[in-house]
Amino acid sequence: MENLRFKIRTNVEFMVKLRWSSGEIIDALKKVYGDQSPSRTQVFEWIKRFKESREELKDDQRSGRPSTSTNEDMSAKVQEILDEDRRISITEIARNLNISHGSVHMILTDCLRLSKL
């Protein structure tokens, strides 16, 4: 997942340097990455950063405690639960794994790229 984000940001930086419009960049990303392309808001943010001469492709360091429930291991556990029962609710998954409803939702939408249960 992190590797894909790095590739996408590299492509955005390249297209910004070629002076492509925001719409052209978003269209190109959707064409290449499909469902895995970032949101329009995220693309606009990275375009803005690269236009301001940002060179770093990694996320900025953030203060605070790192998330412990939205990691690859927890994503795999959520996927296992879904493989067993596709009709299970987010609340039941959260209860089974002892994580928050929001964390389950984030894993489903951001990590597993699911839009409907």
Side-chain angles (χ1 to χ4, degrees):
M1 183 73 159
E2 184 63 34
N3 191 28
L4 178 62
R5 279 189 271 187
F6 184 80
K7 287 179 183 180
I8 291 172
R9 289 177 189 170
T10 301
N11 290 329
V12 171
E13 180 184 29
F14 178 75
M15 290 182 273
V16 166
K17 287 183 178 185
L18 290 175
R19 299 181 191 261
W20 285 25
S21 71
S22 299
E24 290 173 318
I25 293 172
I26 290 168
D27 290 343
L29 291 174
K30 285 188 180 194
K31 187 179 278 187
V32 173
Y33 297 104
D35 292 341
Q36 293 184 328
S37 63
S39 68
R40 290 176 57 87
T41 305
Q42 189 62 56
V43 175
F44 283 129
E45 179 64 33
W46 280 100
I47 290 170
K48 178 182 170 203
R49 289 180 183 190
F50 290 128
K51 283 184 177 179
E52 294 172 348
S53 301
R54 180 186 173 110
E55 295 295 324
E56 183 63 42
L57 294 171
K58 293 182 182 177
D59 286 327
D60 294 334
Q61 288 289 336
R62 294 187 277 171
S63 62
R65 183 175 167 215
S67 175
T68 57
S69 59
T70 55
N71 55 39
E72 289 182 23
D73 183 47
M74 195 59 71
S75 295
K77 289 178 182 178
V78 170
Q79 184 64 57
E80 286 176 23
I81 291 172
L82 287 175
D83 290 343
E84 290 176 17
D85 181 7
R86 296 293 285 181
R87 298 180 59 169
I88 193 167
S89 70
I90 291 176
T91 303
E92 290 176 277
I93 295 171
R95 193 176 312 124
N96 289 344
L97 296 176
N98 197 27
I99 60 176
S100 72
H101 186 279
S103 292
V104 174
H105 187 268
M106 186 179 301
I107 290 169
L108 292 171
T109 57
D110 294 347
C111 301
L112 300 178
R113 299 281 186 191
L114 298 175
S115 59
K116 294 181 181 178
L117 270 181

Would you indicate whether D83, at its atom CG, is surrounded by more than 12 heavy atoms from other residues, nucleotides or ligands within a distance under 6.0 Å? yes
A quick test of your reading: do over 12 heavy atoms of other residues, nucleotides or ligands sit less than 6.0 Å from CG of N98?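 Not more than 12 within 6.0 Å, no.
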With rounding to the nearest 0.5 angstrom, report the [atom1] to [atom2] distance, [X] to [Y].
| X | Y | atom1 | atom2 | answer |
| --- | --- | --- | --- | --- |
| L29 | K7 | CG | NZ | 13.5 Å |
| E45 | S39 | CD | OG | 10.0 Å |
| F50 | I25 | CZ | CD1 | 10.0 Å |
| R5 | Q36 | CZ | CD | 11.5 Å |
| N11 | R9 | CG | CZ | 12.5 Å |
| L4 | Y33 | CG | OH | 6.0 Å |

Given V78, which partner from the list I88, I90, L108 fulfils the side-chain contact (heavy atoms from CB on, under 4.5 Å) test? L108
Out of V12, V16, T10, L18, which residue meets the side-chain contact (heavy atoms from CB on, under 4.5 Å) rule with F14?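 Output: one option passes, namely L18.
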Side chains of K48 and F44 in contact at under 4.5 Å (non-hydrogen atoms):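 Result no, sub-4.5 Å side-chain heavy-atom pair not found.
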What are the two closest non-hydrogen atoms of I26 and V43, and how far apart are they? CG1-CG1, 3.6 Å
M15 to A28 - nearest heavy-atom pair and separation: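 Heavy atoms only, the tightest pair is SD-CB, 4.0 Å.
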So, K77 and D73, do they make that salt bridge, N to O below 4.0 Å? yes
Do E92 and N96 have a side chain donor and acceptor closer than 3.5 Å? no
Assess the residue pair L82 and L114 against the criterion (side chain to side chain contact (heavy atoms under 4.5 Å, CB included)); give the C-alpha distance rounded to whole Å, side-chain angles, the decisive distance to 0.1 Å, and a yes or no. CA-CA 11 Å; L82 287 175; L114 298 175; 3.6 Å; yes
